[in-house]
K.L.:
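Quick one: the structure is below, questions incoming.
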Amino acid sequence: MKWCDNTALTLVIIGAINWLLIGVFRFDLVAFLFGDLSWISRIIYTIIGLCGLYLISLYGRIGTMGDN
């Protein structure tokens, strides 16, 4: 489970950096590397979004860690 948490967190951090680049410089790194909404870009955006949704469960798991 820890591997999955670390992988998801890493991908979400990369996604956050991409949003920072979009907000500050109007530069979309994913679109630059893989094409503007190409099928591979859409897969990358989807995976990062799913990782973000998965990390919502981290809030519940943090609360149960404190109970030990």
Side-chain angles (χ1 to χ4, degrees):
M1 190 63 112
K2 185 173 175 141
W3 178 87
C4 192
D5 291 343
N6 290 338
T7 302
L9 184 59
T10 301
L11 289 174
V12 168
I13 288 170
I14 291 169
I17 291 169
N18 189 51
W19 276 110
L20 175 68
L21 291 172
I22 292 169
V24 174
F25 302 111
R26 293 184 183 174
F27 177 72
D28 187 348
L29 183 62
V30 174
F32 176 76
L33 293 175
F34 302 105
D36 191 26
L37 288 182
S38 67
W39 63 272
I40 196 160
S41 294
R42 293 181 66 189
I43 290 171
I44 291 169
Y45 289 130
T46 302
I47 290 171
I48 291 173
L50 290 173
C51 287
L53 291 175
Y54 169 77
L55 287 176
I56 292 172
S57 69
L58 187 63
Y59 286 117
R61 289 184 280 137
I62 288 173
T64 60
M65 283 186 226
D67 295 338
N68 290 337

K.L.:
How many angstroms lie between CG in Asp5 and CG in Leu9, if you round to the nearest 0.5 Å?
P.N.:
8.5 Å
K.L.:
Would you mind telling me which of Leu29, Asp28, Leu21 makes a side chain to side chain contact (heavy atoms under 4.5 Å, CB included) with Phe25?
P.N.:
Leu21
K.L.:
Please report the shortest heavy-atom distance between Gly35 and Ser41, naming the atom on each side.
P.N.:
O-OG, 2.6 Å
K.L.:
Around atom CZ of Phe32, are there more than 12 heavy atoms of other residues, nucleotides or ligands at under 6.0 Å?
P.N.:
no
K.L.:
Ignoring hydrogens and angles, state whether a donor on the side chain of Arg61 or Ser57 is under 3.5 Å from an acceptor on the partner side chain.
P.N.:
yes
K.L.:
Taking side chain to side chain contact (heavy atoms under 4.5 Å, CB included) as the criterion, tell me which of Ile17, Leu55, Thr7 meets it with Val12.
P.N.:
Leu55
K.L.:
Pick out which of Leu50, Ile44, Thr46 makes a side chain to side chain contact (heavy atoms under 4.5 Å, CB included) with Ile48.
P.N.:
Ile44
K.L.:
Going only through I, L, V, M, F, W and Y residues with side-chain contacts under 4.5 Å, is there a path from Leu53 to Ile47?
P.N.:
no
K.L.:
Determine whether Leu11 and Ile22 fall in the same hydrophobic cluster, where Ile, Leu, Val, Met, Phe, Trp and Tyr are linked whenever their side-chain heavy atoms lie under 4.5 Å apart.
P.N.:
no
K.L.:
Can you see which heavy atom on Ala31 is nearest to which on Tyr45, and at what distance?
P.N.:
N-OH, 3.9 Å
K.L.:
Is there a path of hydrophobic side-chain contacts, each under 4.5 Å between heavy atoms, that joins Tyr54 and Ile56?
P.N.:
no
K.L.:
What distance do Asn18 atom CG and Ile13 atom CD1 have between them, rounded to the nearest 0.5 Å?
P.N.:
14.0 Å
K.L.:
With a 4.5 Å cut-off on side-chain heavy-atom distances among I, L, V, M, F, W and Y, is there a chain of contacts connecting Phe27 to Trp19?
P.N.:
no
K.L.:
Using the rule that two of Ile, Leu, Val, Met, Phe, Trp, Tyr join whenever any of their side-chain heavy atoms come within less than 4.5 Å, decide whether Trp3 and Leu58 are in one cluster.
P.N.:
no
